[in-house]
Amino acid sequence: MSYAYLFKYIIIGDTGVGKSCLLLQFTDKRFQPVHDLTIGVEFGARMITIDGKQIKLQIWDTAGQEAFRSITRSYYRGAAGALLVYDITRRDTFNHLTTWLEDARQHSNSNMVIMLIGNKSDLESRREVKKEEGEVFAREHGLIFMETSAKTAANVEEAFINTAKEIYEKIQEGVFDINNEANGIKIGPQHSPTSPSSPSGGPGSSPGSGCC
Amino acid sequence: MFRSRSWFGGGLWKPKNPHSLEHLKYLYNVLSKNQTVNESNRSLLVETLRSIAEILIWGDQNDSSVFDFFLEKNMLSFFLKIMRQKCGSYVCVQLLQTLNILFENIRNETSLYYLLSNNHVNSIIEHKFDFSDEEVMAYYISFLKTLSLKLNKHTIHFFYNEHTNDFPLYTECIKFFNNPESMVRIAVRTLTLNVYRVDDKSMQKFIRDKTAAPYFSNLVWFIGNHVLELDGCIRENSEHEARSRLADLVAEHLDHLHYLNDILLLEIDELNQVLTDHLLHRLLIPLYVASLDKNFVVTDRKQPPKVSSILALFLLSQVFLIVYHSPLVRMLASILIQENEGVFSLKRSSSGTSTNTLEACSDNQILFAIDQTENTTPAQSTSSSSLAPPALDSHDTLSVNNVKILSQRPFLCAIFDSLECAENDYAALFSICLLEALKHNKGIHVELLNSLFHDTTTVLEDGQFLRVYNEPLVDKLITIISQTVKPDSKVRIVTLTLAVNLLQKIVVTENGEGESFLKDQHLALIEGAREENILLLQNYYKCDEMFLELFEDEYLDMTAAKPISVEHLMMDSNLLLPPAGSPLSGIAFDKRLPCGEAERSRRSMRVYFILRKLSLKLRKESEKYLPLTNTQTCVHIDDNLDLTNSDLLACTVITRDSVKTRRFLVIDIFQFILVEPSQKRMGWGVVKFVGFLQDIEVMGDQHDSRCLHITVKSSPTQQRTRTPILAAKFMFDDHIRCMAAKQRLVKGRQKARERKLHMIGKLLDQIRSSPSPPQNIRRMQRRAMNRGDRPLYVPISKALPGLAMVVNDGSRNEKGRRKSREASPAVQNQVHDEEIPLGSIKGNSARKSISSSSQASDLNGPSSNSSTSTQPSQTTKLTLNISSEDAQKTTSSVSNGKKVSSNKDDVTTPHHETSFISDVSEAGSSNSNNVFEEANQVTKSADVTPQHSSHNNGPSPSNSVFVPKVKKKGAIETV
């Protein structure tokens with residue numbers, strides 16, 4: 001499972017906007033959307049291909065950790081990309097975007113790519129936030145924008161991959177310091193022969209204990 | 001994909017509906033048939049595990065029998081069996097993800113309890129996965145984190161076993177607290193916090209007794225290592241790569257502090273005690289505080305490492321900015337403020353053993369030298385308790401002002417010494433930040449802080465408070481200010497700003513109106529520095545073509561920018577490198593030294609604004625002259641203007657998208673106005689567009705002599721980016737009118753700029769008087785009124801008392817004043833030919849020089865020349881002329897003189913003086929009010945003799961210069 005780059009993403013936004021569902025939908029396509037099942041996950045990884053290069057995406061949902069300042073701070077800092085999600089059927093989740101964005105901009109490194117996502121586009125009848133409003137907000141704040149549905153999987157793939165493309169372009173332009181892993185970008189084992197493919201690991205990784 | 005393999009498991013038919021009890025039964029069958037993992041069934045197992053997660057969640061949401069079956073068949077045990085074989089990361093990851101999904105999505109409490117009840121989960125937690133695989137590691141730690149989010153008073157007992165004193169979820173997790181992967185470290189921290197906050201006494205006791213000492217000592221040890229690395233990074237310095245590493249290390253240190261603070265904020269007393277103890281005695285005192293004192297040589301042969309004193313100041317500032325936990329910050333602050341090196345000898349006796357522990361722990365064997373650390377903990381707490389009481393009690397008996405005592409307090413002494421910035425302000429900046437951070441920390445005793453900043457407040461006999469401040473400290477701060485204004489100063493704007501802020505906080509009372517109790521000799525020093533800066537600025541005023549733009553821009557920059565926050569500064573790793581002097585460094589202007597003449601000019605302006613603000617504040621005056629353009633007195637869109645007898649140019653505005661609009665162009669003294677005739681009243685116009693004359697660009701049209709291309713840029717007061725707010729083709733009735741318009745616009749632009757420049761000149765000229773140049777400009781305006789220009793338009797309040805009055809009433813005086821600026825012939829004439837209006841200005845400065853003659857022994861001796869230096873002579877006779885002419889002006893000129901002299905003799909009573917000034921200015925404004933009325937009456941006569949004006953020598957009422965003349969040229973268009 002070697003890769004050229006590993007990008008770390010975080011997903012942010014109010015509770016209940018479908019962050020963990022988006023995450024699961026993207027990282028595991030085998031979970032086919034069904035109407036009577038809401039299912040999500042807080043972490044996932046998936047390999048994609050950009051420009052012929054294997055890129056691994058690691059996505060961390062930060063839900064439930066807002067209570068601790070140190071945690072949100074660190075999460076933002078360690079990510080190369082962020083998906084800022086709101087629910088098109090709930091106006092308040094859209095109204096809170098500014099606060100989320102301020103937080104993100106304050107704590108993250110300035111190069112972090114942020115994508116704005118209006119989720120639950122399948123619920124057209126209950127829509128409270130127009131697509132144009134999302135577009136305007138994104139334009140004003142320099143974000144990429146997309147409406148998705150974790151239920152129908154519409155645009156989910158694109159949302160994550162477009163964000164990755166943008167990060168990739170920034171790497172090509174030399175904007176990101178890829179040698180600094182704190183930026184949320186890691187060079188794959190094949191790219192840096194000096195570092196062994198297995199990191200020194202935590203103290204628990206005593207060689208003999210591995211059973212898997 | 002499942003369908004293709006559906007026969008493999010055998011036994012049961014795969015049901016069509018994937019979400020059903022039948023399907024789970026089928027999957028159970030698959031699992032029981034494939035208990036041994038091998039190459040051929042790996043994919044099948046993975047898909048089975050995934051499907052199980054899916055069905056269970058579906059069951060949780062739709063059909064409870066699904067879960068019953070899962071528990072009944074004890075299916076979790078299969079999970080354990082699988083992972084105990086060499087199943088490879090492929091299967092492992094799926095297993096962990098299945099568990100993740102399970103615990104993340106279960107809503108039914110009882111289902112959760114069932115899942116946890118048979119201890120399988122703890123076995124899974126304790127299982128040694130192959131953590132060298134980053135994917136396994138990530139899924140594993142996410143699993144633990146997910147579990148920790150489910151912790152509460154009830155569920156905690158499934159994880160923490162009181163009888164066996166076992167808490168694998170926690171103990172396994174903290175092994176990874178220093179994992180190289182940042183996301184893993186964050187997950188560990190999240191988990192620990194989630195654990196701590198569960199209110200369960202026995203669990204908390206376990207944490208404290210069995211894990212706290214080793215965990216915290218490791219944590220603290222790693223923070224210390226980080227700091228040493230940071231120090232090394234600063235020493236190597238400067239390369240771009242190192243800079244991003246540096247930024248990262250600084251952010252990392254902040255992360256640590258925030259994390260520790262998050263723990264402290266949970267207010268678990270026993271835990272906090274241990275943590276505070278470790279932090280103080282293994283990190284903050286031996287490393288941070290010890291590094292402050294450059295002279296202190298460690299005699300111990302095991303020399304504990306130290307960092308540069310600059311870094312120490314920076315780190316301590318961060319600590320005080322973030323941590324408010326009283327026992328910790330009190331102790332640390334009192335050591336900084338009152339203790340001497342003795343604090344180390346006390347400490348080291350106890351830390352001998354703890355060093356061993358640290359070394360023991362530094363191996364990957366983290367869990368845990370419990371016995372060893374348990375031994376050291378009591379020793380430490382005794383040492384800390386023996387240290388604490390004297391530190392806390394002694395502060396009121398000590399006086400910081402006493403230099404002798406200061407010398408016995410090396411840390412405080414070191415902080416004060418760092419304020420020295422003769423060579424550079426590298427350390428001074430951080431020293432101020434530290435003082436500022438101390439001042440704001442709510443966890444520190446007020447008395448202790450008072451002993452640092454104020455000395456004790458003494459009550460005098462008459463019941464009044466005598467406010468005393470720490471003079472050596474204020475001396476140092478004022479020295480920074482004085483050094484800032486030196487020509488080749490090494491003090492950055494940011495340092496000056498902070499020094500000024502801190503100074504104000506020390507010497508200005510916080511309650512009420514903010515009374516300053518700064519001593520007069522200190523005030524005099526500040527004023528001296530201010531004047532020195534003005535002298536410097538005057539040079540740029542004379543030489544720099546862009547002075548006006550820069551001046552307004554800088555002012556805006558300063559007012560629009562968020563106030564500098566120490567918190568933000570202490571996140572900026574760039575400040576840790578020696579002060580940069582080039583914009584190429586990518587560092588913001590105020591955080592580096594100026595580069596080149598233009599930037600030095602900018603810097604002087606900035607310093608000017610800062611010191612002006614300070615001076616006003618100390619004198620309790622309000623700013624009356626900045627910004628140069630008072631937007632409130634300007635004409636705004638949708639205003640109604642009485643344009644009877646005004647110069648109006650009819651034109652058609654053609655925008656780029658070929659929209660044509662008929663408008664009338666009005667050229668005010670500062671503004672470019674487009675109006676459309678009012679529907680309601682004859683002779684009135686409604687403003688449709690305004691821009692500032694100084695921001696316009698005019699170009700003729702090559703093909704059509706009736707047309708002009710006009711671009712109006714947004715003024716810096718409106719927007720930071722100066723984009724055009726109007727770019728259009730203006731078509732006039734014929735080429736004559738077009739030429740006239742062009743001429744008026746070009747001249748208007750030039751004169752608007754000159755006027756403003758002149759206003760700046762006035763501000764800079766006011767060396768000896770108070771920071772406001774009050775009398776002069778105001779008087780000048782008043783006189784201009786008398787001269788009686790015909791106003792461009794009559795303010796509404798004048799023309800229509802009543803309805804419109806309400807709108808404009810407040811601004812009436814302002815408008816009058818503005819009109820008077822328009823009328824003030826000073827600017828244009830000064831620059832061009834006529835000497836008369838120059839006289840009117842010079843009259844002021846000359847009068848000032850008269851008054852200055854009464855203060856030959858002026859405090860600011862050398863600078864007294866400078867007021868005349870900016871403008872050529874030829875003034876005196878005019879002065880006489882003026883002052884005899886206008887009695888009221890003479891009074892104020894006398895008062896001006898008086899004021900200045902009081903400034904000189906009577907420095908001891910600045911408040912006194914202030915009130916005097918405000919009296920005068922009050923009188924002044926009411927006068928100008930009257931004058932305004934007069935001015936309007938005189939208007940007509942001015943109209944009659946427009947030509948005369950330029951030949952008139954006195955500041956007579958007919959001395960109106962600009963508008964009437966133009967009016968003659970620019971053909972008259974009435975509405």
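Model, not experiment: these values are computed from the prediction. Within every chain, numbering begins at 1; the chains are lettered A, B, ... in the order of the sequence lines, protein sequences first and strands thereafter.
Salt bridge B/Arg245/B/Glu252: absent, no basic N to carboxylate O contact under 4.0 Å. With respect to the salt-bridge test (charged N to carboxylate O, under 4.0 angstrom), the residues A/Asp51 and A/Lys165 do not qualify.
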ask   = Can you list the steps and then say if B/Ser51 with B/Glu47 is a side-chain hydrogen bond (donor to acceptor under 3.5 Å, both in side chains)?
value = CA-CA 6 Å; B/Ser51 301; B/Glu47 178 54 24; 3.3 Å; yes
key: side-chain contact (heavy atoms from CB on, under 4.5 Å) between A/Ile48 and A/Phe160, intermediate numbers included   = CA-CA 10 Å; A/Ile48 58 168; A/Phe160 285 87; over 6 Å; no
task = With side-chain hydrogen bond (donor to acceptor under 3.5 Å, both in side chains) as the test, would you mind laying out the steps for B/Ser20 and B/His23 before giving the verdict?
result = CA-CA 5 Å; B/Ser20 63; B/His23 193 193; 5.5 Å; no
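Listed by chain and residue number, B/Lys591 satisfy the salt bridge (Lys or Arg N to Asp or Glu O under 4.0 Å) test with B/Asp572 (two or more places apart in sequence, or in another chain).
For B/Glu54, the parts sitting under 4.5 Å from any heavy atom of chain A are the backbone and the side chain alike. Contacts between B/Leu149 and chain A at a heavy-atom distance below 4.5 Å involve the side chain alone, from C-beta outward. Contact annotation for B/Tyr139: both backbone and side-chain heavy atoms come within less than 4.5 Å of a heavy atom of chain A. Proximity to chain A (any heavy atom under 4.5 Å) is shown, for B/Ile322, by neither the backbone nor the side chain. Residue B/Asp248 touches chain A through both its backbone and its side chain, counting heavy-atom pairs closer than 4.5 Å. For B/Leu260, no part lies near chain A; criterion is any non-hydrogen pair under 4.5 Å. Contacts of B/Arg197 with chain A are made by side-chain atoms alone, with heavy-atom separations under 4.5 Å and no backbone atom involved. Heavy-atom distances place both the backbone and the side chain of A/Thr38 under 4.5 Å from chain B. Contact annotation for B/His256: neither backbone nor side-chain heavy atoms come within less than 4.5 Å of a heavy atom of chain A. For chain A, the nearby part of B/Asn105 is the side chain; its heavy atoms alone come within less than 4.5 Å.
Judged by distance alone, with hydrogens and angles left aside, the side-chain atoms of B/Thr98 form a donor-acceptor pair with the main-chain N or O of B/Leu49 at under 3.5 Å. A donor-acceptor pair under 3.5 Å is formed between the side chain of A/Lys170 and the backbone N or O of A/Asn111. A donor-acceptor pair under 3.5 Å links the side-chain atoms of B/Gln85 to the main chain of B/Val37, judged by distance alone. Judged purely by atom type and a 3.5 angstrom limit, B/Asn261 has no side-chain atom pairing as donor or acceptor with the backbone of B/Leu257.
Of the residues considered (B/Ala247, B/Ser182, B/Ala138), B/Ala138 shows the highest number of contacts with chain A, using heavy-atom pairs under 4.5 Å. Of all the listed residues (B/Asn62, B/Asp60, B/Val91), the one sharing the greatest number of non-hydrogen pairs under 4.5 Å with chain A is B/Asn62. Among B/Asn194, B/Thr190, B/Leu265, B/Asn100, the residue making the largest number of heavy-atom pairs under 4.5 Å with chain A is B/Thr190. Comparing B/Thr146, B/Val93, B/Ile186 by heavy-atom pairs within less than 4.5 Å of chain A, the highest count is held by B/Ile186. Of the listed residues (B/Ala53, B/Ala251, B/Ser142, B/Ala187), the greatest number of heavy-atom pairs within a distance under 4.5 Å of chain A belongs to B/Ala251. Annotation: maximal heavy-atom pairing with chain B below 4.5 Å, among A/Asp61, A/Val41, A/Ile10, A/Leu24, occurs at A/Val41. Looking only at heavy-atom pairs under 4.5 Å with chain B, the residue among A/Gly40, A/Ala79, A/Gly184 that has the most is A/Gly40.
Within residues 68-76 of chain A, the residues approaching chain B closer than 4.5 Å by heavy atoms are, in numerical order, A/Phe68, A/Arg69, A/Ser70, A/Ile71, A/Arg73, A/Ser74, A/Tyr75.
The six-membered or imidazole ring of A/Phe43 lies away from that of B/Tyr140, with a centre-to-centre distance of 6.0 Å or more.
Side-chain atoms of A/Thr99 and A/His96 include no donor-acceptor pair closer than 3.5 Å.
Within 6.0 Å of atom CZ in A/Arg126, 12 or fewer heavy atoms from other residues, nucleotides or ligands are found, so the atom counts as exposed in its surroundings. Taking a 6.0 Å sphere around NZ of A/Lys29, one finds it holds 12 or fewer heavy atoms contributed by other residues, nucleotides or ligands.
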